[in-house]
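Right, one structure below, let's go through it.
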2 protein chains.
Amino acid sequence: MTRNVRTYDHFCVIARALEDVGDRWTLLVIRDLLSGAKRFTDLMDRLGAITPKTLTQRLRELEDTGIVAADRTPGRREVWYRLTPVGEDLRPVIDALGWWGLKHAWRWPQENEPMHAEHLLRAVAQAIDMVADAHVTELWHFRIDGADYVIEGDGKHWSHRAGTPQVAADVTITARTDALKRLIFGESDLDVEIEGASAKVQRFRKLITTLATVVSAQETSSR
Amino acid sequence: MTRNVRTYDHFCVIARALEDVGDRWTLLVIRDLLSGAKRFTDLMDRLGAITPKTLTQRLRELEDTGIVAADRTPGRREVWYRLTPVGEDLRPVIDALGWWGLKHAWRWPQENEPMHAEHLLRAVAQAIDMVADAHVTELWHFRIDGADYVIEGDGKHWSHRAGTPQVAADVTITARTDALKRLIFGESDLDVEIEGASAKVQRFRKLITTLATVVSAQETSSR
DNA sequence: CTGGATCCATGATGATACTG
DNA sequence: CAGTATCATCATGGATCCAG
């Protein structure tokens with residue numbers, strides 16, 4: 001196993017941090033683990049063009065630095081990768097990158113660009129949080145292609161995660177990724193099942209297109 | 001000029017952001033520009049092991065994405081690189097990395113590891129800000145090897161920047177980098193000139209070793 | 001001196017295929 | 001499911017050189 005040992009050799013906190021998480025793909029692995037533990041193939045799915053060799057290398061490095069832990073159940077082949085508390089502490093970094101990315105680096109999807117529901121929902125949560133005059137407590141349960149996700153506003157911030165809700169959801173949305181995409185982009189609500197009390201559903205419908213709104217507003221002004 | 005055009009092709013705000021700033025060295029260039037505009041050679045000094053080719057390439061990319069602007073005064077060869085407002089918006093990303101780096105990725109300097117006063121002062125400001133029960137308004141003026149820096153607490157946060165203070169400093173410190181290092185590490189105050197009102201100097205002396213304290217506390221517990 | 005450019009070496013990553 | 005293996009390519013490192 002060739003291990004990436006490139007350093008910066010600066011006596012600097014930023015450089016030290018980037019030696020641990022600054023390699024190509026590394027922060028994207030952390031992004032995907034922040035929403036919940038994943039298996040090797042789950043990560044491959046979400047990371048798209050990464051090669052298994054590179055993913056293996058990144059996971060080993062992250063284990064070495066104590067950012068990721070691998071849960072290997074004896075007798076089973078399945079390995080679940082999860083963030084340690086040290087890794088969880090990278091959430092502010094990812095959030096800051098997401099804020100900047102949404103504000104300055106957004107582009108509408110290219111033709112045939114792979115799109116994962118989890119990343120789409122992250123962008124939605126980030127957009128709502130960014131504009132948020134939406135200081136409400138609300139929990140949305142998404143069931144997309146058989147996987148469960150939650151977007152949640154706690155009255156101060158909006159966040160997302162993978163998995164089923166711990167408490168009853170205000171709104172439950174069932175759809176396939178492409179139908180969800182059309183809903184979020186404000187194109188149509190075909191093939192999207194939305195369940196919940198009428199007022200809650202109404203607020204959901206209002207907020208779910210925040211991402212499209214934010215992006216449209218920027219497209220007119222930025223590069 | 002070979003331009004790095006690697007993308008991730010995810011429909012994801014984090015991936016979009018990292019396509020702009022995720023390349024090796026890029027965030028370190030931004031780190032150094034966040035404390036003030038710099039010339040090519042100023043950046044070379046601070047970045048240490050970067051090659052001029054790579055720095056040129058990074059600066060061009062950052063200009064392309066609108067993160068950096070190059071001020072070329074007609075008739076003069078000097079080029080000053082500075083962050084645009086888009087680039088300034090990356091401050092939360094650098095701050096988050098610094099926070100994590102100080103908390104989890106710190107190491108004492110290696111033998112002969114290059115050390116730049118600007119990075120050392122960043123770490124000091126970050127450390128004071130992190131532990132800060134120090135909610136005071138205070139301005140320290142550092143004169144290190146002929147260059148000026150400011151560390152400032154505004155009552156809520158502590159930050160640093162290059163340049164001279166706009167208002168009168170509470171404490172003025174004059175030293176060479178290695179003497180400053182020894183002061184910060186709590187080893188000695190030899191060859192460090194500290195001027196200011198007695199109470200202010202006392203507080204300075206108390207706070208300046210925060211970095212050493214924070215680090216020592218972690219060394220005993222972490223990797 | 002500043003602000004690079006050029007050349008070559010090497011190592012990290014990408015592409016594709018295969019395996020316990 | 002969780003990787004390995006092999007080969008190709010491209011980004012980066014290291015050194016040197018140069019023009020205004």
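Nothing here was measured: the structure is a model prediction, and the numbers come from that model. Side-chain atoms are counted along with the backbone in the values below, which use heavy atoms only and exclude waters and symmetry mates. Here is how names work: the chains are called A, B, and so on, in the same order as the sequence lines, proteins then strands, and each is numbered from 1.
A sub-4.0 Å separation between OP1 or OP2 of dG13(D) and a side-chain N or O of Arg24(B) is present. At least one side-chain nitrogen or oxygen of Tyr81(A) sits closer than 4.0 Å to the OP1 or OP2 atom of dG3(D). The phosphate of dG4(C) (OP1 or OP2) has no side-chain N or O of Arg39(B) nearer than 4.0 angstrom. For Arg58(B), a side-chain nitrogen or oxygen approaches OP1 or OP2 of dT12(D) to under 4.0 Å. At dG3(C), one or more side-chain N or O atoms of Thr41(B) fall inside 4.0 Å of OP1 or OP2 (strictly under the cut-off).
Of the two residues contacting DNA chain C, namely Leu59(B) and Trp25(A), the nearest-nucleotide position lying further toward the 5' end is that of Leu59(B).
Atom CG of Asp45(A) and atom C1' of dA2(D) are 13 Å apart (whole Å). Computed from coordinates, the Met44(A) CE to dG3(D) P distance equals 11 Å when rounded to whole Å. Rounded to a whole Å, the CG atom of Leu18(B) is 14 Å from the P atom of dT13(C). Atoms CG (Leu55(A)) and P (dT4(D)) sit 11 Å apart, rounded to a whole Å. The nearest whole Å value for the distance from the NZ atom in Lys38(A) to the P atom in dC1(D) is 15 Å. Put simply, CZ on Arg60(B) is 18 Å from C1' on dA11(D), counting in whole angstrom units. One interatomic measurement links the two molecules: CG of Leu28(A) to C1' of dT13(C), which rounds to 15 Å at whole-angstrom precision. Note: CZ (Arg6(A)) to P (dA11(D)) measures 12 Å, nearest angstrom.
No side-chain donor from either of His104(A) and Asp20(B) sits under 3.5 Å from a side-chain acceptor of the other. Between the side chains of Asp32(A) and His119(A), at least one donor N or O sits under 3.5 Å from an acceptor N or O. Residues Glu118(B) and Ser35(B) bring a donor and an acceptor atom of their side chains to less than 3.5 Å of each other.
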*List the steps and the verdict of salt bridge (Lys or Arg N to Asp or Glu O under 4.0 Å) for Arg107(A) and Glu19(B).*
CA-CA 12 Å; Arg107(A) 294 190 311 272; Glu19(B) 286 179 359; 3.6 Å; yes
*Which is it for Trp106(B) and Trp100(B) under the ring pair (Phe, Tyr, Trp, His ring centres under 6.0 Å) test, yes or no, and what are the steps along the way?*
CA-CA 9 Å; Trp106(B) 190 261; Trp100(B) 188 87; over 10 Å; no
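Remark: Ala125(B) pairs with Ile151(B), His160(B) by the side chain to side chain contact (heavy atoms under 4.5 Å, CB included) rule, at least two apart or across chains.
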*How would nucleotides 15-20 of chain D be written as a contact map, 5' to 3', with B for base contact, S for sugar-phosphate-only contact and - for no contact, using protein heavy atoms under 4.0 Å?*
----BB
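The nucleotide whose nearest atom lies closest to any side-chain atom of Gln57(A) is, among dA2(D), dT13(C), dT12(D), dT13(C).
The residues Asp42(B) and Arg39(B) are annotated as salt-bridged, a charged nitrogen and a carboxylate oxygen being separated by less than 4.0 angstrom.
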